[in-house]
Visitor: 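Please read through the structure below; I'll follow up with questions.
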Amino acid sequence: MLATASQRILGQSFQNIRPAVSVLRSYSSAAKQITVRDALNSALDEEMSADPKVFLMGEEVGEYQGAYKITKGLLEKYGPERVLDTPITEAGFTGIGVGAAYYGLKPVVEFMTFNFSMQAIDHIINSAAKSNYMSAGQISVPIVFRGPNGAAAGVGAQHSQCYASWYASCPGLKVLSPYNSEDARGLLKAAIRDPDPVVFLENELLYGESFPVSDEVLDSSFCLPIGKAKIEREGKDVTITAFSKMVGYALKAAEILEKDGIYAEVINLRSIRPLDRSTINASVRKTNRLITVEEGFPQHGVGAEICASVVEESFAYLDAPVERIAGADVPMPYAANLERLAVPQIEDIIRAAKRACYRSVPLAATA
Amino acid sequence: MATAFSAAKFTAQPFPLNPASTTSHDSSIVFAKPTSLFLGSTRKLRLTSYSKFNLSRRSGTVDAVSDVVKQKKSKSSPSLLITKEEGLELYEDLVLGRAFEDMCAQMYYRGKMFGFVHLYNGQEAVSTGFIKLLKQQDSVVSTYRDHVHALSKGVPARAVMSELFGKTTGCCRGQGGSMHMFSREHNVLGGFAFIGEGIPVATGAAFTSKYKREVLKEADCDHVTLAFFGDGTCNNGQFFECLNMAALWKLPIVFVVENNLWAIGMSHLRATSDPHIYKKGPAFGMPGIHVDGMDVLKVREVAKEAIGRARRGEGPTLVECETYRFRGHSLADPDELRDPAEKAHYAARDPITALKKYLIENSLASEAELKTIEKKIDEVVEDAVEFADESPVPARSQLLENVFADPKGFGIGPDGRYRCEDPKFTEGTAHV
């Protein structure tokens with residue numbers, strides 16, 4: 001399954017809309033900007049130097065400096081015993097990582113993309129997620145599975161799936177998905193320090209994006225709590241939940257909606273499992289309308305869970321039907337124009353928000 | 001020397017190496033285990049073990065073909081390996097593969113192609129050597145480095161180029177892309193992104209061939225399947241699982257390893273405990289052959305034997321082709337880790353120049369004829385690009401097509417009828 005993946009040096013071939021960096025308002029001393037890639041790299045670096053039990057495993061993480069250069073420089077710094085280039089055998093090396101975690105080591109297993117994790121999913125679910133339960137607490141598995149998740153640009157059906165809902169449905173796992181550099185640093189550190197198996201879903205297209213970070217974020221003890229969502233933008237008319245790249249799209253949509261007098265509240269989920277239901281519900285109780293946005297397939301997706309949670313807990317507060325925006329219910333096509341149709345775009349979010357607020361835009365044909 | 005192609009010999013043999021070669025194998029294995037994994041030392045070690053590789057190949061391989069290869073080495077042999085027509089056909093196919101891939105690189109840098117593109121430059125001898133011996137009904141299963149396999153099997157260059165551009169006239173209507181070339185007509189079963197994924201699929205295709213003959217009683221069904229994959233795949237569980245089952249059930253399949261020594265930046269020797277892949281065949285009860293994958297004629301000879309074996313119902317064969325990719329792993333790979341000396345070593349063994357030399361030296365073709373072929377191929381490739389450029393992009397309604405063979409799989413809509421029966425079904429995107 002080592003399909004491919006390589007460095008995105010040639011940006012011009014991709015027809016993606018890149019969310020504007022300036023969307024994030026910087027509060028106090030956010031003078032420095034770092035890319036998500038550097039954020040992840042520094043988080044790994046700091047955790048590895050703080051705890052000698054942390055080690056990295058994955059394809060091309062060492063000499064090649066990481067397929068997406070996330071682990072750049074780490075082989076040089078920590079040596080081949082702690083940064084392991086594995087053969088191309090996900091089931092095997094994931095199992096080895098889990099076994100090492102049983103005995104208290106803290107592996108960070110990299111999947112070149114999460115699509116390849118399907119070859120190792122038996123170990124993630126059966127050997128890692130369920131072990132603490134099956135052993136009645138005797139064996140905890142402090143392992144982190146990380147890698148890019150979701151669609152990139154033009155990489156076809158087998159490289160573009162989003163696995164958030166698959167992993168988030170499994171008890172025993174924690175599933176995190178960062179958006180910006182602050183999330184990346186804080187959540188990865190939290191994941192590595194966590195005694196349970198964590199699935200850390202990054203996004204390839206966000207790696208090169210820069211975001212402002214405060215000095216607090218750059219401190220080596222910085223950590224974000226698992227299970228807490230962040231309100232990226234406050235609003236009063238409609239709640240938009242999103243994670244990973246879609247947060248950028250939602251923020252852009254919110255800016256455009258503001259011109260039409262709709263003030264959207266954008267929630268960056270950060271943690272898919274456990275889902276921060278209380279923040280989401282509190283927000284919906286304030287705005288009375290909900291739209292969930294995700295890149296993955298619609299059926300049984302993250303949005304489905306959020307909608308169910310809101311309907312269960314805040315039904316009386318809803319002024320409009322809850323809506324899910326998700327990727328198209330088809331394997332990702334290769335052709336560029338079809339790919340654009342298969343992934344949510346900013347216009348889709350705007351339309352849905354207006355529908356929720358005015359109910360004047362009719363629901364398009366769903367499939 | 002044990003002959004490879006009698007299955008009976010392999011029922012209970014752990015290691016078919018003759019003792020004389022054991023020492024060279026052992027020492028090459030020792031060399032291959034680097035004590036420190038840093039770049040410099042690894043490279044040196046690898047180059048040293050190289051010559052051991054060649055040495056052990058002669059004495060260690062289990063095949064009848066090495067005799068043929070040795071025959072070819074002595075030019076005094078009067079019988080040539082190919083006729084003129086065959087020679088020209090092979091040359092044309094090699095040149096087509098090379099020209100096409102070079103054009104892909106150009107088009108990618110111009111933004112006409114996108115995503116992941118993996119080029120086959122340098123490995124053409126393996127594709128041509130094997131696939132040109134197949135019939136239309138034989139199947140080929142490949143990996144993401146599949147453009148040339150599709151071309152050799154007969155998929156028109158236009159269809160492949162359109163597919164790469166993401167146009168609706170592509171062999172998969174623009175839905176598959178570079179890594180997913182499928183063609184029912186030419187029995188090209190993909191195009192898989194995950195390595196190792198194609199091997200069980202190929203084994204299944206071979207299983208079907210056997211099933212058709214024995215259960216469905218199609219007596220003349222002797223279709224063979226070729227599975228192409230790389231050196232990195234040989235560490236993957238699926239590879240071993242399929243070797244086992246193919247040998248167990250005597251499936252008509254040939255496992256072709258295109259050992260180009262490198263995953264992305266991971267050398268084969270750093271990833272594999274025993275880097276001699278052909279030895280893994282006999283461990284499962286099938287012959288394992290190592291061949292020089294830069295020489296199309298040698299590959300062809302081995303392929304003839306292996307495919308013939310499969311067609312006669314004698315079971316699978318594992319063929320390891322020592323080859324090399326001249327470009328990086330994909331078009332986005334800066335290719336910084338490979339030693340320039342190694343690249344030069346293989347560039348000197350370019351399969352196209354080698355065949356050209358053979359044809360001219362043995363008076364099978366003249367320079368002019370070969371030039372004509374090259375010119376013809378250039379035109380074919382240019383035409384393919386033009387065709388792809390002018391082809392339309394897929395219509396919006398194509399998004400929801402081909403998800404199911406039976407589109408009732410989309411379920412029943414709010415009006416109580418199957419969604420696919422609604423004429424407006426494909427007008428919107430799936431969810432807004």
Visitor: Find the one option among B:G176, B:G328, B:G411, B:G265 whose heavy-atom pairs under 4.5 Å with chain A are most numerous.
Guide: B:G265
Visitor: Sort A:N337 into side chain, backbone, both or neither according to what part of it lies under 4.5 angstrom from a heavy atom of chain B.
Guide: side chain
Visitor: Check each of B:E101, B:H329, B:E258, B:H118 against B:R145 using the side chain to side chain donor-acceptor pair (under 3.5 Å) test, and report the only one that passes.
Guide: B:H329
Visitor: Quick one: of B:L164, B:N402, B:T233, who has the most non-hydrogen atom pairs under 4.5 Å with chain A?
Guide: B:L164
Visitor: What part of A:M332 gets closer than 4.5 Å to chain B, counting heavy atoms only: side chain, backbone, both or neither?
Guide: backbone
Visitor: Hey, are A:Y64 and A:D85 close enough side-chain-wise for a donor-acceptor pair under 3.5 Å?
Guide: no
Visitor: Of the options A:I349, A:V238, A:L257, which is the one that meets A:K354 in a side chain to side chain contact (heavy atoms under 4.5 Å, CB included)?
Guide: A:L257
Visitor: Check the surroundings of atom NZ in B:K343: do more than 12 heavy atoms from other residues, nucleotides or ligands lie under 6.0 Å from it?
Guide: yes
